[in-house]
Colleague: 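Before we start, here is the structure in question, set down as structure tokens.
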Amino acid sequence: MSTPPLLALHGVCKRFGVVEVLTDIELEIHAGQVVALMGDNGAGKSTLVKVISGVAPADKGAIEWEGRTVHVRRPHDARDLGIATVYQDLALCGNLDVVGNLFLGREISRYGFLDEVEMERRTRHLLERLTRAIPDLRAPVVSLSSGQRQTVAIARSLLGDPRVLLLDEPTAALGFEQTTEVLDLVDRLRDRGVGVLLISHNLGDVKALADRAAVLRLGRNNGFFDVNTASQEQIISSITGATEDSSRRTAPHEARW
Amino acid sequence: MHDMADNTRAEPTAPDADGRRPRRGPPLARAVESCVALFQRKLRAGELGSLPVVLVLAAVWITFQSLNGNYLSPRNLSNLSVDIVGTGLIAVGIVFVLLIGELDLSVGSISGLAAAVFAVLNVNNGVPEWLAVIVAVLAGTVAGTVQGFSFAKTRVPAFVVTLAGLLTWNGFMLYVLGSSGTINLDEDGLVALLTSYYFSNDGAAYGLAAVGAGMYFLMSYQDRRRRKAVGMPHRSLRGTAVRTGVLAVIAFAGAYELNRFQGLPLALLIFLVMVAGLDIVLRRTRYGRQVYALGGGVEAARRASLGVTRVRTAVLAVSGTMAAVGGLFMASRITSVSQSSGSGVLLLNAIAAAVIGGTSLFGGRGTTWSAVLGMLIIQSIASGMAITSTPAAVQFIITGGVLFAAVLIDSLSRRSQEAHGRA
């Protein structure tokens with residue numbers, strides 16, 4: 001028997017009012033593996049991220065952490081498990097400085113007061129690992145460039161040494177150099193045994209980085225692929241729905257990677 | 001004092017770069033140079049801080065002093081320092097609400113309600129003063145909490161909830177007062193003393209100035225020492241000394257002026273201690289950080305698993321409490337409570353003070369000190385108008401103009417910050 005996946009989703013459903021956004025979703029993330037989550041706009045990718053991160057808890061279905069069932073009802077629950085999320089809109093507070101954003105919700109205190117010195121020291125330490133150009137740590141985040149903001153958002157997610165990292169389109173707003181920097185970072189995280197769920201539209205990024213690809217279509221699983229063996233056309237046709245029926249039938253079998 | 005807002009910031013232009021930078025000219029010239037560079041950097045980044053406010057205050061004082069030589073007399077300045085306290089305390093509560101990007105319209109009514117509760121309990125029913133004060137302040141806290149909870153739960157904008165509150169609490173006040181009409185407070189009572197007691201000993205004012213400057217220096221020094229110990233950028237000792245020096249000069253000049261009249265007013269002491277205390281709460285505690293975070297983005301705060309409902313409720317509770325405290329000071333100033341307590345321009349002045357002082361209407365930026373600065377400007381104009389016997393109409397127009405300018409600066413600096421980010 002192989003070790004159970006770090007994170008597994010079984011039959012997860014989510015509806016907003018009368019709209020069923022996610023139906024019977026299956027997903028597995030193993031340690032040291034990058035899983036690409038792909039799908040057209042409105043396929044439910046971002047909603048799935050919110051389900052896993054506890055922002056929008058699932059209505060039905062089970063979430064398993066290392067083989068045992070867990071309940072993720074609040075962002076706090078996910079964080080306690082070791083799931084960190086970088087949202088597409090980054091979810092930073094523009095008026096707070098870099099240090100304030102990194103430690104938002106888990107501030108370090110000393111005698112009941114915020115320990116700015118210690119937080120700044122750790123921030124600097126963390127950012128030095130991630131990027132060469134460290135922004136002004138005391139400048140409000142709103143005055144940083146979009147690449148710097150992305151770095152801050154990723155740094156924040158790494159603060160608690162997460163075991164699963166959810167990245168919602170981390171490279172969409174970045175230039176070439178910054179994209180490379182982010183992808184390198186994801187690569188290094190995988191080497192350290194972190195399980196990564198990478199949402200991306202960019203097939204090039206997925207091919208270069210991911211081990212597996214899970215495709216969503218209209219809120220349902222529409223195929224799982226081994227990125228190294230599957231052809232680009234196979235993945236694209238699954239995203240666009242050209243192979244809708246066949247892959248949905250085969251999905252449960254392939255799900256057992 | 002206003003400089004405390006960024007005392008953790010290590011200025012890249014601070015002279016601690018001396019070793020690396022070639023020496024140019026005498027120390028004074030270099031200091032001026034670095035100040036100019038700092039100013040330009042801040043101007044570009046859209047974070048001017050309190051500088052425009054201080055300049056406006058200076059302009060107001062110079063104008064009225066040239067119109068009437070008695071304007072900057074110790075007596076007038078001392079009265080000014082007491083007159084700002086009532087509305088100023090209410091404005092401090094407004095700062096909290098503005099920081100989360102909302103508005104509290106009920107503070108005037110709550111201040112009137114608290115004053116009425118105190119007067120009826122103490123004067124009409126003989127409840128001891130200390131107990132009546134506590135009940136009155138708690139009435140404000142409860143009113144604020146009720147509003148805060150309804151706002152946080154229903155997600156109706158706070159200004160609508162508090163608009164309903166404005167009417168409701170005013171109704172409560174009229175009910176509490178009943179047929180009393182005007183209630184005169186005990187002239188020698190605790191509440192009356194709040195604004196009529198002066199520490200006639202010169203040492204009190206100087207002591208406060210020394211303690212203020214000393215605390216500032218100690219905190220900066222401590223911060224610097226810890227930063228240095230872990231090898232992080234820190235402000236030079238000279239920079240800290242200069243800042244402390246400027247603060248001390250202002251504080252001791254103020255103390256000197258106050259001592260030339262009747263000494264340090266108790267009201268001013270309470271006001272400054274509360275503002276400094278709440279400033280520490282906002283900028284140095286977890287709760288304060290959550291308040292700022294809500295103003296920066298509710299969704300971001302929620303995803304960082306902050307208790308949004310709890311923080312929102314607490315903010316309006318603080319605002320209600322401060323309104324009640326301010327209401328007691330306003331009642332103390334005229335030693336009476338009537339059906340018109342807490343009405344009129346009080347609410348507008350409190351909001352205007354917070355905004356003029358530099359707290360952003362868009363949320364997330366500002367400190368409690370802005371309530372002091374803004375209130376100083378508003379009261380300076382009012383006092384100047386009174387001393388030069390200018391009609392009230394002109395006073396309103398000028399205060400309105402200053403408020404408009406403050407909002408304009410706020411909006412421009414916000415836009416400049418965002419443009420800065422796109423670069």
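Just so we're on the same page: letters track the sequence lines, and every chain starts at 1.
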Colleague: Does this structure show an ion pair linking Glu107(A) with Arg289(B), if we count only N-O contacts that are shorter than 4.0 Å?
Modeller: no

Colleague: Relative to chain B, which segment of Val55(A) carries a heavy atom at a distance below 4.5 Å: side chain, backbone, both, or neither?
Modeller: side chain

Colleague: Side chain, backbone, both or neither: which part of Arg124(A) has an atom under 4.5 Å from a heavy atom of chain B?
Modeller: side chain

Colleague: Taking all non-hydrogen atoms of both residues into account, name the closest pair between Cys93(A) and Gly297(B) and its distance.
Modeller: SG-O, 4.0 Å

Colleague: Can you tell me if Tyr221(B) has over 12 outside heavy atoms packed within less than 6.0 Å of its OH?
Modeller: no

Colleague: Which pair of heavy atoms, one from Ile280(B) and one from Phe113(A), lies closest together, and at what distance?
Modeller: CG2-CE2, 3.6 Å

Colleague: Can a donor-acceptor pair be found, under 3.5 Å and without considering hydrogens, that links the side chain of Asn95(A) to the backbone of Gly363(B)?
Modeller: no

Colleague: Would you mind telling me which of Arg110(A), Arg156(A), Arg74(A) has the largest number of heavy-atom pairs within less than 4.5 Å of chain B?
Modeller: Arg110(A)

Colleague: Taking side chain as everything from C-beta outward and backbone as N, CA, C, O, which of these in Leu96(A) sits under 4.5 Å from a heavy atom of chain B? Side chain, backbone, both or neither.
Modeller: side chain

Colleague: How long is the gap from CG on Leu104(A) to CD on Gln290(B), to the nearest 0.5 Å?
Modeller: 8.0 Å

Colleague: Enter the distance from Arg227(B):CZ to Glu116(A):CD here, rounded to the nearest 0.5 Å.
Modeller: 8.0 Å

Colleague: Answer yes or no: are there more than 12 heavy-atom neighbours, outside Glu177(A) itself, under 6.0 Å from its atom CD?
Modeller: no

Colleague: At what distance, to the nearest 0.5 angstrom, does CD of Glu118(A) lie from CE of Met232(B)?
Modeller: 8.0 Å

Colleague: I'd like to verify something: which residue of Val117(A), Asn101(A), Asp97(A), Val141(A) has the highest number of heavy-atom pairs under 4.5 Å with chain B?
Modeller: Val117(A)

Colleague: Inspect the contact between Asp89(A) and Arg303(B) and indicate whether a charged nitrogen and a carboxylate oxygen are less than 4.0 angstrom apart.
Modeller: yes

